[in-house]
Engineer: 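Got a structure for you, written out below as structure tokens; questions coming shortly.
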Amino acid sequence: MSIASSFGIPTADVTREFYFNVGGPHGFMRWGVYIFMFAAVFYLIYTIVKKVQIWRQGRSELRTDFPEKRIIAVIKYAFLQAKVLREKFPGIMHGTIFFGFVVLFIVTMIIVVQEDFTGLFFHYHFIHGDFYIIWSLFGDIFGVVVLIGLCMAIYRRYIIKPTRLDTKAIDTFALALITIIILTGFFNEAMRIALTGFPVFEKVASPFGYALAMPFSLVSDGGLQVTHYINWWVHMLAAFSFIGLIASDKIGHILISFLNIYYGNLNNESAKTKYLVPVISPEEFETAESFGVCNVEEYTWKQLMDSDACTRCGRCQDNCPAYLTEKPLSPKKMINDVKANMDERIPKLMVAEDKTAVESTPLIGDGTDGSGSVQPDEFWSCTNCGACMENCPVNIEHIPKMIDMRRYKVLMEGDMAPELQTTFMNMETNFNPYGFAFGERGAWLPEDLGVKTLAEDPEVDYVYFVGCAASYDKRSQKVAIALLNVMKKAGLKVGILGAEEACCGDAAMRGGNEYLFHSLATQNLETFKAYGIKKIITTCPHGYNMLKKEYVSFSKVGVGSDGNPLEYNIEVYHHTEILDELVKSGKIKLKEALNETITYHDSCFLGRYNEIYAEPRDVIKAIPGTNLVEMSRNHRTSFCCGAGGARMFIEEHHGTRINQFRTKDAQASGATKICTACPFCLTMLSDGATELDIANLETFDIAEYVFNAMEK
């Protein structure tokens with residue numbers, strides 16, 4: 001027995017009259033709807049075209065490949081709200097509004113199909129009986145769902161007022177418009193039910209509308225008809241205004257976010273290529289007159305789209321270590337400042353006969369207020385930790401924009417912090433940022449380990465790319481020795497390059513000195529090729545990330561000193577991966593109990609960049625007597641130590657020191673020991689405990705814990 005037949009009336013009568021009280025399906029109002037619809041659609045198309053014209057003023061960039069992967073990304077991030085739902089209250093709030101609107105859109109489109117297609121051309125009406133009841137019930141339920149989301153949004157924005165939300169008039173307008181659409185929709189339904197004598201089936205089909213209709217029964221039919229008529233048009237005008245504005249300002253993020261996700265960076269969907277920094281082709285160094293970005297039109301069209309896609313939700317800002325330690329950088333502000341500069345400058349360029357004569361606010365200021373849209377202290381404060389991109393719900397790429405600005409300042413103006421200038425000079429002359437003699441790069445190696453350079457013995461299982469820290473920093477050398485002892489115990493033959501190894505170039509690339517990165521990468525790649533290296537292990541996540549990603553990218557466009565293309569066919573491992581495999585396979589047995597409470601600090605370049613989270617934790621748990629506790633910020637929400645993005649070599653002059661901020665996180669966890677898997681993190685957190693005078697909180701690398709615990 002169907003639901004509709006239980007009401008004792010013909011199932012064909014279990015329906016509603018569309019265009020009720022406004023002239024019926026053949027009245028003038030129906031054509032008025034078409035007029036407003038076409039006006040809204042025309043304005044929407046006009047807005048999109050204008051934006052596309054602005055975006056196209058940027059440099060070209062391929063973002064149309066692999067459409068199937070792009071559609072999957074849209075489903076994941078736009079329709080399933082993968083990143084939005086990571087935060088509980090804002091996620092539920094946004095999810096109820098979004099998913100509720102999706103259902104209401106489908107409900108409305110079903111009306112369009114019947115009234116403007118099947119009914120109009122074939123006199124076939126299908127919205128009746130059980131279908132009507134289910135269809136109407138879905139509309140009622142999800143209308144309430146949207147209202148709940150709107151109440152949450154209003155409460156959050158105007159009562160809680162989180163600092164990351166900079167409420168503007170357009171935000172209030174957007175919420176008010178959506179609220180009007182939903183409320184007038186319910187009022188229409190309620191007044192129609194009251195005017196049609198409270199059809200019994202509407203108790204099931206429209207329970208919320210039916211309940212709302214009760215007070216309207218106290219109003220005279222004449223007054224109710226006029227009120228319904230006015231309300232109906234308010235609802236229509238609000239709905240069509242929403243459609244017309246769907247590519248404009250705050251409401252525009254609905255459409256532009258979808259586009260931004262579709263044209264997003266597919267590299268970021270795989271840990272193997274995630275957050276890969278685009279390299280400058282060596283050919284471009286030969287032909288280009290300028291490097292990096294000084295004017296907004298020097299960004300790619302996709303980078304310009306990024307700035308329009310920003311919803312100003314503030315998630316990037318809330319997770320930015322620079323912002324949270326009172327540095328000048330807010331990723332949200334930076335993106336919106338780029339947008340403001342784009343909106344001011346590019347329309348002028350589009351109509352100018354002499355583009356060089358166009359006057360506008362400089363993109364990069366000189367450090368004084370009002371001198372430019374983005375100040376140097378902002379993009380130099382960035383640690384490249386990736387938290388902004390990890391948390392952006394519409395996949396905006398903040399870091400490449402700031403690296404492009406750094407490239408301009410370094411390569412075109414030679415403008416950088418004095419200590420960074422010294423770092424670059426050291427890397428140029430001695431192939432390490434510290435300035436020590438490159439010939440001493442392997443001097444730390446104890447003879448009793450039996451580890452040789454490849455020049456002495458090239459037949460090895462792994463080449464240990466030592467990195468600059470372990471080559472010259474005595475504290476990091478202890479980590480290197482511990483690792484080599486573990487691998488020796490496991491029966492693995494390891495070799496090093498010694499003086500033939502050069503800095504990986506991470507600080508050069510992320511510090512804006514792309515030319516220096518090219519030089520270092522070319523030198524290392526040629527050395528790798530000369531020895532036929534196939535497997536590399538690193539203890540530095542920065543070197544690991546560079547060798548695994550940027551070197552692969554550079555090898556495709558770079559050329560060697562002999563003019564031939566570079567080659568790359570190497571497997572790169574971080575020592576946490578190797579240690580985890582050795583422990584789980586039983587090649588290394590952990591016998592000595594530690595009896596300490598340990599907290600593990602996720603290195604940004606190991607965690608967010610390469611999604612290595614489980615391996616180090618599994619190793620720690622395998623050590624007898626350990627109690628692993630997590631800091632409040634862990635895994636993808638881990639807080640940076642402050643050393644990434646070349647910041648290891650630049651002094652902090654603003655706010656709280658990032659390493660101290662993170663050390664307090666470790667202290668709050670109740671741990672007595674900190675475990676790291678990065679030489680920069682080891683230094684920064686060790687210094688943090690010393691600077692804060694925190695007793696009984698020591699920091700060690702995971703290799704040291706394994707070496708001390710393993711069966712000797």
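Nothing here was measured: the structure is a model prediction, and the numbers come from that model. Keep in mind that the numbers below use all heavy atoms, side chains included, and drop hydrogens, waters and symmetry copies.
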Engineer: Please confirm whether the backbone N or O of Pro376 pairs with a side-chain atom of Arg406, one donor and one acceptor, at under 3.5 Å?
Structural biologist: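 Answer holds: no.
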Engineer: Using only atom types and a distance under 3.5 Å, with no angle test, would you say the side chain of Glu615 pairs donor to acceptor with the backbone of Ile612?
Structural biologist: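 Pair absent, no side-chain N/O of Glu615 close to backbone of Ile612.
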Engineer: Quick one: which of Ile570, Asn569, Leu525, Thr522 gives a side-chain contact (heavy atoms from CB on, under 4.5 Å) with Ser555?
Structural biologist: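 Single pass found, and it is Leu525.
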Engineer: Quick one: closest heavy-atom pair of Asn430 and Phe438, and the distance?
Structural biologist: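 Looking at all heavy atoms of both residues, the closest pair is O-CB, 3.2 Å.
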Engineer: List the steps and the verdict of side-chain contact (heavy atoms from CB on, under 4.5 Å) for Met389 and Ile396.
Structural biologist: CA-CA 6 Å; Met389 299 196 295; Ile396 289 170; over 6 Å; no
Engineer: May I have the step-by-step check of salt bridge (Lys or Arg N to Asp or Glu O under 4.0 Å) for Glu704 and Arg475, ending in yes or no?
Structural biologist: CA-CA 11 Å; Glu704 296 176 296; Arg475 180 65 187 86; 2.8 Å; yes
Engineer: Report the C-alpha separation of Gln660 and Asp687 in whole Å, then their side-chain angles, then the decisive distance to 0.1 Å, and conclude whether the side-chain hydrogen bond (donor to acceptor under 3.5 Å, both in side chains) test is met.
Structural biologist: CA-CA 8 Å; Gln660 294 181 9; Asp687 288 352; over 6 Å; no
Engineer: Using every non-hydrogen atom in the two residues, find where Pro433 and Cys503 come nearest and quote the distance to one decimal.
Structural biologist: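 For Pro433 and Cys503, the tightest heavy-atom pair comes out as CD-SG, 4.4 Å.
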Engineer: May I ask you to check whether over 12 heavy atoms, not counting those of Glu284, lie within 6.0 Å of atom CD?
Structural biologist: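 More than 12 heavy atoms, drawn from other residues, nucleotides or ligands, come within 6.0 Å of this atom.
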Engineer: Please identify each residue that fulfils ring-ring contact (aromatic ring centres under 6.0 Å, His included) with Tyr705, with sequence neighbours left out.
Structural biologist: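 Checked Tyr705 against ring-ring contact (aromatic ring centres under 6.0 Å, His included); matches are Phe700.
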Engineer: Can you run down the salt bridge (charged side-chain N to carboxylate O under 4.0 Å, His left out) pairs that involve residues 426-448, sequence neighbours left out, and say none if there aren't any?
Structural biologist: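 Qualifying pairs, neighbours excluded: Arg441-Glu501.
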Engineer: Taking the side chain as everything from C-beta on, heavy atoms only, tell me whether Gln477 gets closer than 4.5 Å to Leu445.
Structural biologist: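 A side-chain contact under 4.5 Å is absent here.
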Engineer: Pick one: which of Glu61, Glu397, Lys302 meets side chain to side chain donor-acceptor pair (under 3.5 Å) with Asn265?
Structural biologist: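 Option passing the side chain to side chain donor-acceptor pair (under 3.5 Å) with Asn265: Glu397.
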Engineer: Salt-bridge test for Asp602 and Arg617: reply yes if a basic N is under 4.0 Å from a carboxylate O, no otherwise.
Structural biologist: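 Yes.
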Engineer: Mind checking ring-ring contact (aromatic ring centres under 6.0 Å, His included) for His601 and listing every partner two or more places apart, or none if nothing turns up?
Structural biologist: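 Not a single residue meets the ring-ring contact (aromatic ring centres under 6.0 Å, His included) criterion with His601.
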Engineer: Show the nearest heavy-atom pair for residues Ala703 and Val486, with the distance to one decimal.
Structural biologist: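 Here Ala703 and Val486 meet closest at O-CG2, 4.4 Å.
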Engineer: May I ask you to say whether Arg636 pairs ionically with Glu390, meaning some side-chain N is under 4.0 Å from a carboxylate O?
Structural biologist: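 Yes, this pair counts.
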Engineer: Determine whether the aromatic ring centres of Phe517 and Phe554 lie less than 6.0 Å apart.
Structural biologist: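 Close enough - the centres of the two rings lie under 6.0 Å apart.
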Engineer: Could you report the tightest heavy-atom contact between Lys452 and Asp457, atom names first, then the distance?
Structural biologist: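 Heavy-atom minimum between the residues: CD-CB, 4.2 Å.
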Engineer: So with a 6.0 Å cut-off around NZ of Lys272, is the heavy-atom count from everything else above 12?
Structural biologist: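 Counting other residues, nucleotides and ligands, NZ of Lys272 stays at 12 neighbours or fewer.
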Engineer: Does Lys274 come within less than 4.0 Å of Glu611, counting only side-chain N to carboxylate O?
Structural biologist: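 Yes, this pair counts.
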Engineer: Can you confirm whether Glu378 sits close enough to Met405 that some side-chain heavy atom of one is under 4.5 Å from a side-chain heavy atom of the other?
Structural biologist: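 No, too far: nothing below the 4.5 Å cut-off.
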Engineer: Would you say the rings of Phe291 and Tyr515 are close, in the sense that their centroids are separated by under 6.0 Å?
Structural biologist: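 Tyr515 vs Phe291: aromatic centres not under 6.0 Å.
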Engineer: Kindly confirm or rule out a cation-pi arrangement of Arg633 over Phe639, judged by NZ or CZ under 6.0 Å from the six-membered ring centre and within 45° of its axis?
Structural biologist: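 Verdict for Phe639: a cation-pi partner in Arg633.
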Engineer: Is a donor on one side and an acceptor on the other found under 3.5 Å between the side chain of Asn391 and the backbone of Ala387?
Structural biologist: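 Side chain of Asn391 to backbone of Ala387, a donor-acceptor pair under 3.5 Å: yes, one is there.
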Engineer: Is there a salt bridge (Lys or Arg N to Asp or Glu O under 4.0 Å) between Lys534 and Glu571? Walk through the geometry before answering.
Structural biologist: CA-CA 6 Å; Lys534 298 299 180 184; Glu571 296 177 34; over 6 Å; no
Engineer: So do the side chains of Cys320 and Leu329 get within less than 4.5 Å of each other, counting heavy atoms only?
Structural biologist: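 Result yes, sub-4.5 Å side-chain heavy-atom pair found.
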Engineer: Determine, for Arg662 against Asp665, whether the closest basic-nitrogen to carboxylate-oxygen distance falls under 4.0 angstrom.
Structural biologist: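 Salt bridge: yes.
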Engineer: Flag the pair Val277 / Ile403 as yes when at least one side-chain heavy-atom distance between them is below 4.5 Å, and no otherwise.
Structural biologist: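 Yes, at least one pair of side-chain atoms sits under 4.5 Å.
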Engineer: Can you tell me if Met425 has over 12 outside heavy atoms packed within less than 6.0 Å of its CE?
Structural biologist: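 Incorrect, the count does not exceed 12.
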Engineer: May I ask you to check if Lys535 and Tyr462 form a cation-pi contact, with NZ or CZ under 6.0 angstrom from the six-membered ring centre and within 45° of the axis?
Structural biologist: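 Flagged: Lys535 positioned over aromatic ring of Tyr462.
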Engineer: Asp318 vs Arg315, test: salt bridge (Lys or Arg N to Asp or Glu O under 4.0 Å). Steps then yes/no.
Structural biologist: CA-CA 5 Å; Asp318 256 13; Arg315 293 187 185 215; over 6 Å; no
Engineer: Only counting residues at least two apart or in another chain, list the ones meeting salt bridge (charged side-chain N to carboxylate O under 4.0 Å, His left out) with Glu596.
Structural biologist: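 For Glu596 the salt bridge (charged side-chain N to carboxylate O under 4.0 Å, His left out) partners, ignoring immediate neighbours, are Lys673.
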Engineer: Using the test salt bridge (charged side-chain N to carboxylate O under 4.0 Å, His left out), find all partners of Glu550 that sit at least two apart in sequence or belong to another chain.
Structural biologist: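 With neighbours one apart ignored, the set is Arg510.
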Engineer: Nearest heavy-atom pair of Ile658 and Cys640: which atoms, and what distance?
Structural biologist: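 The pair with the smallest heavy-atom distance is CG2-O, 3.3 Å.
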Engineer: Would you say the side-chain atoms of Lys327 pair up with the backbone N or O of Cys382, donor to acceptor, closer than 3.5 Å?
Structural biologist: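 Not confirmed, Lys327 side chain does not pair with Cys382 backbone.
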Engineer: In a check of side-chain contact (heavy atoms from CB on, under 4.5 Å) between Tyr544 and each of His574, Lys549, His575, which one passes?
Structural biologist: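 Among His574, Lys549, His575, the one that satisfies the side-chain contact (heavy atoms from CB on, under 4.5 Å) with Tyr544 is His574.
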Engineer: Do Leu411 and Asn513 come within less than 4.5 Å of each other through their side chains, counting heavy atoms only?
Structural biologist: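 They are in side-chain contact.
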Engineer: What are the two closest heavy atoms between Pro328 and Asp377, and how far apart are they?
Structural biologist: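 Answer, listing the atom of Pro328 first, then Asp377: CG-CB, 3.8 Å.
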Engineer: Go through it in stages, so that I can follow the logic: the residues are Leu492 and Leu582, the test is side-chain contact (heavy atoms from CB on, under 4.5 Å), and I'd like the CA-CA distance, side-chain angles, deciding distance and then a yes or no.
Structural biologist: CA-CA 10 Å; Leu492 295 172; Leu582 293 178; 4.0 Å; yes
Engineer: Could you check whether atom OH of Tyr573 has more than 12 heavy atoms from other residues, nucleotides or ligands sitting under 6.0 Å from it?
Structural biologist: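 Yes, the 6.0 Å shell around OH holds more than 12 heavy atoms from other groups.
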Engineer: Is it the case that the side chain of Tyr600 and the backbone of Ile702 share a donor-acceptor pair, with hydrogens and angles ignored and the cut-off at 3.5 Å?
Structural biologist: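 Checking the backbone N and O of Ile702 against the side chain of Tyr600, no donor-acceptor pair under 3.5 Å is found.
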Engineer: Indicate yes or no: at least one non-hydrogen side-chain atom of Asn627 is less than 4.5 angstrom from one of Val629.
Structural biologist: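 Yes, their side chains come closer than 4.5 Å.
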Engineer: Could you check if a side-chain atom of Phe528 sits within less than 4.5 angstrom of a side-chain atom of Leu547, using non-hydrogen atoms only?
Structural biologist: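 Of all side-chain heavy-atom pairs linking Leu547 with Phe528, at least one is under 4.5 Å.
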Engineer: Quick one: salt bridge (charged side-chain N to carboxylate O under 4.0 Å, His left out) partners of Lys409, sequence neighbours excluded?
Structural biologist: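 Salt bridge (charged side-chain N to carboxylate O under 4.0 Å, His left out) list for Lys409, sorted by chain: Glu413, Asp415.
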Engineer: Has Lys493 got more than 12 heavy atoms of other residues, nucleotides or ligands less than 6.0 Å from its NZ?
Structural biologist: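 Enclosed: over 12 neighbouring heavy atoms sit under 6.0 Å from NZ of Lys493.
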Engineer: Could you point out which residue of Val463, Leu484, Asp461 forms a side-chain contact (heavy atoms from CB on, under 4.5 Å) with Val494?
Structural biologist: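 Only one option passes, and that is Leu484.
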Engineer: How about CG on Asn696, more than 12 heavy atoms from neighbouring residues, nucleotides or ligands closer than 6.0 Å, or not?
Structural biologist: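 No, not enclosed.
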